[in-house]
Amino acid sequence: MSARVRRGAMAVLLAGLATAGCGPATGAAGPAGGTTTATVDPSPEVAAPDAGVSSGPWPNPSARPVDRVLRTGIRIGADELMLSPSTDHIVDIAWFDTGTGRHHRLPEDENFRSALGNGDTLPFFEVRERPAPDGRLITYGFASAPVARATIAQPGYPTTTLSVAPWGGDATAALFWAAREGRSLAADVPAGQRAICTLYDRAGRELARLVLAEARGVQKGG
């Protein structure tokens, strides 16, 4: 299972909560006895380690990984979310079964919604999310900037620090992801109560911010 994502319209397939590698800044486990948990990434600005793609075929035969595959640490049971950024700003997504060594798809990823930047600050800036089994929001995004830190703040909820990884190759872009507490970007809430994703450079300067509201004309999922 994967999807290609281009500027202005990323159709990625994502799901799961982190057992490592991402999570709300405050960090908390999922419900007792549940099959998924979320924990804080101890080093959220460190790129996730690359994982080889030789352990089983990539699910989408027309969109094989080009540069590398990032292990996000986001898991549902034995399945770990994998992100594969390419040189032309396409992201392929798959789940890796750590028990069998096979990539596969998850149907729940059809529930993702998208918020898009208008291009005024960065050529592209997108955040996607969907509810997770324990009520958190699985959140993923990418932007055309060398992001050093990414946060999501929403009134009434703890601020989330997202994991960040450079795009790779010669691209000055970055990916970021987390499992956060809050209201969905698709929820009907007042503008002042919406979540805001903010990106920073290594000097701590703000690069861009995006109010998380569903993009008009963008279909759900992939």
Side-chain angles (χ1 to χ4, degrees), residues 2-7 10-25 27 38-53 55 58 63-76 79-96 98 103 109 112 114-115 117 122-129 137-152 159-180 197-210:
S2 64
R4 293 202 165 192
V5 184
R6 292 187 183 277
R7 174 181 174 183
M10 190 192 325
V12 298
L13 305 179
L14 296 174
L17 286 176
T19 55
C22 80
T39 58
V40 178
D41 181 354
S43 302
E45 296 176 18
V46 177
D50 289 359
V53 298
S55 299
W58 197 252
R64 64 182 180 83
V66 177
D67 287 339
R68 59 177 180 163
V69 176
L70 297 175
R71 297 186 65 167
T72 66
I74 300 175
R75 292 192 181 189
I76 297 178
D79 295 330
E80 181 175 358
L81 178 66
M82 315 295 277
L83 310 179
S84 179
S86 73
T87 55
D88 54 355
H89 295 134
I90 295 172
V91 177
D92 290 326
I93 307 300
W95 289 89
F96 180 71
T98 57
H103 295 98
D109 297 329
F112 268 85
S114 176
L122 297 175
F124 60 89
F125 182 3
E126 179 167 357
V127 174
R128 296 179 67 85
E129 66 183 20
L137 295 167
I138 306 161
T139 305
Y140 163 87
F142 78 122
S144 55
V147 178
R149 181 168 176 260
T151 64
I152 293 179
T159 296
T160 299
T161 298
L162 292 82
S163 297
V164 176
W167 196 274
D170 297 328
T172 55
L175 302 99
F176 35 92
W177 59 89
R180 73 179 184 91
C197 181
T198 307
L199 308 179
Y200 302 89
D201 64 14
R202 291 192 176 278
R205 295 183 296 258
E206 182 178 311
L207 292 168
R209 62 173 54 193
L210 175 63

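To the nearest 0.5 Å, atom CD of residue Glu129 and atom CG of residue Leu137 are 4.5 Å apart. In this structure, Ser144 OG and Glu126 CD are separated by 12.0 Å, a value rounded to the nearest 0.5 Å. Between Arg128 atom CZ and Tyr140 atom OH the span is 9.5 Å, to the nearest 0.5 Å. Between atom CZ of residue Arg180 and atom OG1 of residue Thr160 there is a gap of 6.5 Å, rounded to the nearest 0.5 Å. We find the CD-CZ distance between Glu80 and Arg71 to be 4.0 Å, quoted to the nearest 0.5 Å. Interatomic distance, CH2 of Trp177 versus OG1 of Thr139, reported as 13.0 Å (0.5 Å rounding).
When every heavy atom of Ala165 is checked against every heavy atom of Leu70, the shortest pair comes out as CB-CD1, 3.8 Å. Minimum heavy-atom separation, Tyr200 to Thr151: CE1-OG1, 3.8 Å. In terms of heavy atoms, Ala178 sits closest to Thr161 at CB-O, 4.5 Å. The two residues Leu207 and Pro146 make their nearest non-hydrogen contact at CD1-O, 4.3 Å.
For Ala143, the side-chain contact (heavy atoms from CB on, under 4.5 Å) criterion is met by Leu122, Phe125, Phe176, Leu199, not counting sequence neighbours.
The side-chain heavy atoms of Leu210 and Val127, taken from C-beta on, include a pair separated by under 4.5 Å. Contact check for Ile152 versus Leu162: side-chain heavy atoms found under the 4.5 Å cut-off.
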(request) Would you please test Arg149 and Arg202 for side-chain contact (heavy atoms from CB on, under 4.5 Å) and show each step? (result) CA-CA 7 Å; Arg149 181 168 176 260; Arg202 291 192 176 278; over 6 Å; no
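Taking the six-membered ring where tryptophan is involved, the planes of Phe124 and Trp167 are perpendicular, since the angle between them exceeds 60° and thus also 30°.
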